[in-house]
Amino acid sequence: MDDSALDNPFWSALRSRHRDIAQVAGEAARFPAEYAPFLGVAHAGVDAGEALDALVGPGESVYLLGVAPQAPAGWRIDALADLAQMVCTAPIDMVGGPDIIALSAAHRDDVLSLTALVYPHYFRTRTMELGRYFGIYQDGTLAAMIGERLGTDAFQEMSAICTHPDFNGRGYARRLTAMLSNDTLQRGRTPFLHVSHENGRALHLYQQLGYRHRRDIPFWSLQRVGNST
């Protein structure tokens, strides 16, 4: 299978699975700010000045993954730590545990509270609309969740895999990741994810589940630093 789309995942998603919400200017595209702070470019040689002026507001920071242009005048691109990009190509053994439910708009406040607590940087008010989200409730609290974010016709990102600190160590993230990864495979698509190398616990979990390291992928932040021309 050609997996080259994963080398430029923001652009690939915005030009395929998420094209209907993409904000596009020339050879750059971004998710609306209320969905995710992510921007992609077609290739590293893009002359991005006019596109960035059109797509990124004053004082706003956006992020690029895999491919970034040279910073035009008036913009700053900062390299962040590379992320581990991992893929899963075989079913995962499910472990027993509490019921998993589909999360909907009715659960939005709980989702935003959990992500604000343990996954605060990239989750926005409408991120849930990028795909399906699932969770485990315990004692009236959203104890753990997982969702779909970036997607193409062939690949689906597993995202927002997080557990409330009061429920760590119970295997909820393992159960959720196995369920959604297996469902994605059954639908004929390949699950993938991104994880910080500093998050050794998560890296170990995904390796145990059968995710393999595809590559380290560069990650950048971009923001306006002056009046661009």
Side-chain angles (χ1 to χ4, degrees), residues 9-10 13 18 21 30-39 60-66 78 80-88 97-98 100-151 155-181 184 191-209 211 216-221:
F10 292 169
H18 300 302
I21 63 167
R30 66 164 295 174
F31 288 93
E34 64 271 25
Y35 287 85
F38 300 150
L39 181 143
E60 184 182 14
S61 292
V62 294
Y63 299 87
L64 301 103
L65 185 65
D78 294 320
L80 307 174
D82 288 0
L83 301 177
Q85 186 182 77
M86 307 179 77
V87 298
C88 179
I100 296 171
I101 68 166
L103 300 175
S104 69
H107 306 99
R108 188 183 305 274
D109 288 346
D110 290 344
V111 168
L112 292 175
S113 293
L114 178 56
T115 55
L117 180 65
V118 298
Y119 188 80
H121 300 299
Y122 312 116
F123 208 91
R124 299 294 186 264
T125 56
R126 299 186 68 179
T127 301
M128 285 182 70
E129 297 174 37
L130 295 177
R132 300 174 299 157
Y133 280 76
F134 300 89
I136 292 173
Y137 273 84
Q138 291 288 277
D139 304 323
T141 297
L142 180 60
M145 61 174 281
I146 190 172
E148 300 173 332
R149 190 173 59 182
L150 308 177
F155 297 95
Q156 180 60 61
E157 184 191 32
M158 309 288 100
S159 182
I161 305 169
C162 55
T163 303
H164 191 287
D166 291 347
F167 300 94
N168 279 336
R170 302 190 187 188
Y172 294 168
R174 177 185 296 270
R175 179 167 169 78
L176 286 163
T177 305
M179 181 280 297
L180 189 53
S181 299
T184 300
F192 71 102
L193 55 81
H194 298 101
V195 60
S196 167
H197 283 284
E198 296 179 358
N199 192 346
R201 182 174 180 174
L203 272 170
H204 182 64
L205 169 63
Y206 303 141
Q207 290 166 348
Q208 282 188 325
L209 290 174
Y211 274 79
D216 284 346
I217 189 164
F219 189 39
W220 300 269
S221 65

### Query
Is it the case that Y35 and R124 place a side-chain donor and acceptor less than 3.5 Å from each other?
no
### Message
With rounding to the nearest 0.5 angstrom, report the CG to CD distance, L83 to E198.
### Response
10.0 Å
### Message
Is there a side-chain contact between L142 and H164 in this structure, where contact means two heavy atoms from C-beta onward sitting under 4.5 Å apart?
### Response
no
### Task
Show the numbers, then the answer: is there a side-chain contact (heavy atoms from CB on, under 4.5 Å) between M145 and T115?
CA-CA 9 Å; M145 61 174 281; T115 55; 3.9 Å; yes
### Task
Using distance alone, with no hydrogens and no angle criterion, decide if Y122 and S159 have a side-chain donor and acceptor under 3.5 Å apart.
no
### Spacing of OG1 belonging to T177 relative to CD belonging to Q208, to within rounding of 0.5 Å
12.0 Å
### Message
Testing the basics here: between I136 and P98, what is the closest heavy-atom pair and its distance to 0.1 Å?
### Response
CG2-CB, 3.8 Å
### Task
Give me the ring orientation class for Y133 and F123: parallel if the planes are under 30° apart, tilted from 30 to 60°, perpendicular past 60°.
perpendicular
### Message
I'd like to know if the side chain of R149 and the backbone of L130 have a donor-acceptor N/O pair within less than 3.5 Å.
### Response
no
### Step-by-step side-chain contact (heavy atoms from CB on, under 4.5 Å) determination, F10 to L150
CA-CA 7 Å; F10 292 169; L150 308 177; 3.7 Å; yes
### Task
Rounded to the nearest 0.5 Å, what's the gap from CG on L193 to CD on E157? Could you check?
7.5 Å
### Task
List the steps, then state whether side-chain contact (heavy atoms from CB on, under 4.5 Å) holds for L114 with V118.
CA-CA 6 Å; L114 178 56; V118 298; 3.9 Å; yes
### Task
Specify whether F38 and Y63 have parallel, tilted or perpendicular ring planes, treating 30° as the upper limit for parallel and 60° as the lower limit for perpendicular.
perpendicular
### Message
Measuring only between side-chain heavy atoms, which start at C-beta, is D166 closer than 4.5 Å to Q138?
### Response
no
### Task
Measure the CD1-CZ distance between I21 and F31 for me, rounded to the nearest 0.5 Å.
5.5 Å
### Message
Could you check whether any side-chain heavy atom of L65 comes within less than 4.5 Å of a side-chain heavy atom of Q85, counting everything from C-beta outward?
### Response
no
### Message
Strictly distance-based, threshold 3.5 Å: is any side-chain N or O of E34 a donor or acceptor partner for the main-chain N or O of T125?
### Response
no
### Query
Rounded to the nearest 0.5 Å, what separation is found between the CH2 atom of W220 and the CG atom of D78?
12.0 Å
### Query
Could you give the distance from CE (M128) to NE2 (H107), rounded to the nearest 0.5 Å?
8.0 Å
### Task
Output yes when a side-chain donor or acceptor of E148 lies under 3.5 Å from a complementary backbone atom of M158, and no otherwise.
no
### From CA spacing to verdict: side-chain contact (heavy atoms from CB on, under 4.5 Å), M86, Q207
CA-CA 9 Å; M86 307 179 77; Q207 290 166 348; 3.8 Å; yes
